[in-house]
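These figures come from a predicted structure and were not determined experimentally.
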Amino acid sequence: FTLIPPQIVTVTDPSFYPENGNFVQSGGFDRTKNGRLWLTWTGGGDNEHAFLLCAYSDDEGKTWTHPLYMIPNTVSPNGFLKSHCCAVMWTDPLGRLWWIFDCRMGSFDGRSGTWCAICENPESDNPVFGTPFRIWHGVSLNRPVVLSDGTWAMFLSLWPRHCIYGFEGQTWEYDRYTGDYTKELDPERKCWMFTSVDQGKTWQRRGGVCAPQREFDEPSFLETDDGTYIMYTRTYYGFAR
């Protein structure tokens with residue numbers, strides 16, 4: 001069910017406006033080439049009820065539209081919620097706006113997935129996002145970067161199995177430390193660098209890191225003047241470099 005492309009729907013219900021809700025979390029934003037600011041954030045809760053919203057500003061953030069689009073949580077055939085909690089906006093070198101977000105069952109199902117939807121006209125009066133497509137497992141929590149050689153780089157984290165939750169009443173919900181659910185992915189549970197040399201048409205997994213005492217990673221990345229790549233990730237003892 002998590003491999004079915006999520007729907008992006010127009011927001012028509014004012015109950016989803018931030019001022020009428022009871023939860024607003026995190027979010028990411030970026031500026032388009034002509035200066036429009038796009039913002040995405042999480043509503044519903046930091047749990048299996050999470051969904052995503054987006055809006056824009058044409059006056060440097062002084063005023064904003066109401067939420068224009070939403071990626072809602074949906075009910076799977078087995079009765080669990082498919083949710084979306086982490087998202088960023090990114091303007092690529094071609095001027096397109098990417099909505100990059102996660103898709104998972106419950107709050108985390110041991111695998112999750114990073115999806116992207118591209119808007120070709122982010123500065124128009126009627127911006128439209130295309131059908132979302134999946135990059136790989138895991139979650140992306142910061143914008144991609146463009147390397148000095150023109151390669152695009154995106155960073156995805158596949159979290160440990162002990163983060164699995166949001167499936168009350170299921171045996172493997174309480175066996176997440178020692179159970180076999182998604183155990184086959186354990187060798188790949190780290191923070192990965194994905195790269196694209198064809199302007200985002202395809203992405204390849206290049207390499208990854210796994211710091212001690214890591215969990216959600218939330219990587220930040222930079223390329224120094226001498227060509228060194230540096231990644232910072234979140235751990236329980238501080239930042240890993």
Side-chain angles (χ1 to χ4, degrees), residues 1-18 21 23-44 49-59 61 63-76 81-105 112-146 152-156 194 196 198-203:
F1 192 67
T2 55
L3 299 181
I4 299 172
Q7 281 193 308
I8 296 176
V9 300
T10 303
V11 178
T12 58
D13 184 350
S15 68
F16 291 113
Y17 296 174
F23 184 86
V24 173
Q25 176 179 274
S26 62
F29 82 100
D30 205 358
R31 182 190 297 274
T32 60
K33 286 193 171 182
N34 290 327
R36 175 173 285 179
L37 297 176
W38 278 88
L39 175 70
T40 179
W41 68 94
T42 306
H49 299 284
F51 56 85
L52 297 169
L53 297 159
C54 73
Y56 68 78
S57 170
D58 283 330
D59 58 8
T63 61
W64 294 82
T65 65
H66 287 303
L68 294 179
Y69 299 111
M70 174 182 181
I71 306 175
N73 55 29
T74 52
V75 180
S76 72
L81 282 172
K82 179 169 75 170
S83 63
H84 314 278
C85 189
C86 304
V88 296
M89 291 292 195
W90 179 55
T91 300
D92 72 20
L94 304 180
R96 305 175 302 178
L97 182 72
W98 291 56
W99 197 356
I100 304 171
F101 59 91
D102 70 338
C103 176
R104 74 272 177 94
M105 296 303 301
S112 193
T114 293
W115 290 71
C116 302
I118 298 175
C119 178
E120 302 274 359
N121 61 338
E123 295 169 330
S124 76
D125 292 334
N126 184 33
V128 177
F129 285 93
T131 302
F133 57 93
R134 193 176 192 270
I135 301 292
W136 193 66
H137 314 317
V139 177
S140 182
L141 280 164
N142 280 300
R143 292 193 297 264
V145 297
V146 179
W152 298 5
M154 183 187 301
F155 302 88
L156 281 60
F194 276 69
S196 175
D198 55 10
Q199 300 178 325
K201 294 184 180 69
T202 60
W203 294 84

Item to complete: Report yes or no: do R104 and T2 form a side-chain donor-acceptor pair below 3.5 Å?
Response: no
Discussion item. Check the orientation of W203 and W152. Use parallel for under 30°, tilted for 30 to 60°, and perpendicular for over 60°.
Written reply: tilted
Worksheet entry | Minimum heavy-atom distance between W41 and S26, given as atom pair plus value | CB-O, 4.1 Å
Practice prompt. Please round to the nearest 0.5 Å and tell me the distance separating atom CZ of F23 and atom CZ of F51.
Written response: 9.5 Å
Item to complete: Kindly compute the distance separating CG (D58) from CH2 (W64), expressed to the nearest 0.5 Å.
Response: 9.5 Å
Worksheet, complete the sentence: Between S196 and D198, the two heavy atoms sitting closest are OG-OD1, 2.9 Å
Worksheet item: Within the distance-only criterion (no hydrogens, no angle test), does the side chain of K33 pair as donor or acceptor with the backbone N or O of P93 below 3.5 angstrom?
Response: yes
Item to complete: Return yes if some donor-acceptor pair links the side-chain N/O of T65 with the main-chain N/O of A55 below 3.5 Å, else return no.
Response: no
Worksheet entry | C86 SG to I100 CD1 distance, which is reported to the nearest 0.5 Å | 12.5 Å
Worksheet item: Once you round to the nearest 0.5 Å, how far does OG1 of T40 lie from CE of M89?
Response: 5.0 Å
Worksheet item: Just by distance, with hydrogens left out, do D59 and S57 show a side-chain donor and acceptor under 3.5 Å apart?
Response: yes
Practice prompt. Report yes if the side chains of L68 and T10 come closer than 4.5 Å at any heavy-atom pair, otherwise no.
Written response: no
Fill in: Exam field: side chain Y69 to backbone P127, donor-acceptor pair closer than 3.5 Å
yes
Worksheet entry | Residue pair I4 / K82: nearest heavy atoms and the distance that separates them | O-NZ, 3.5 Å
Worksheet item: CZ of F155 to CZ of F194: how many Å apart, nearest 0.5 Å?
Response: 11.0 Å
Practice prompt. Verify, without hydrogens or angle tests, whether N73 (side chain) and H49 (backbone) share a donor-acceptor contact under 3.5 angstrom.
Written response: yes
Worksheet item: In Å, rounded to the nearest 0.5 Å, how long is the span from CD of E123 to OG1 of T32?
Response: 3.5 Å
Item to complete: Return yes if some donor-acceptor pair links the side-chain N/O of R36 with the main-chain N/O of P122 below 3.5 Å, else return no.
Response: yes
Discussion item. Would you call the rings of F129 and W99 parallel, tilted or perpendicular, taking 30° and 60° as the class edges?
Written reply: tilted
Worksheet item: So F133 and W98, would you call those rings parallel, tilted or perpendicular, with 30° and 60° as cut-offs?
Response: perpendicular
Item to complete: Return the minimal non-hydrogen interatomic distance between L53 and V11, and the atom names on each side.
Response: CD2-CG2, 3.9 Å
Discussion item. I'd like to know if the side chain of D102 reaches the main chain of V139, judged simply by a donor and an acceptor atom lying under 3.5 Å from each other, with no hydrogens or angles considered.
Written reply: no
Worksheet item: So, do P14 and H66 sit near enough that their side-chain heavy atoms are less than 4.5 Å apart?
Response: no
Worksheet, complete the sentence: Minimal heavy-atom distance between F1 and M105, with the atoms involved, is CD2-SD, 3.9 Å
Worksheet item: Do W115 and C103 have side-chain heavy atoms sitting under 4.5 Å apart?
Response: yes
Worksheet item: Which heavy-atom pair separates R134 from G113 by the least distance, and what is that distance?
Response: NH2-CA, 3.6 Å
Worksheet item: Does a sphere of radius 6.0 Å around CD in Q7 hold more than 12 heavy atoms from other residues, nucleotides or ligands, not counting ones at 6.0 Å or beyond?
Response: no
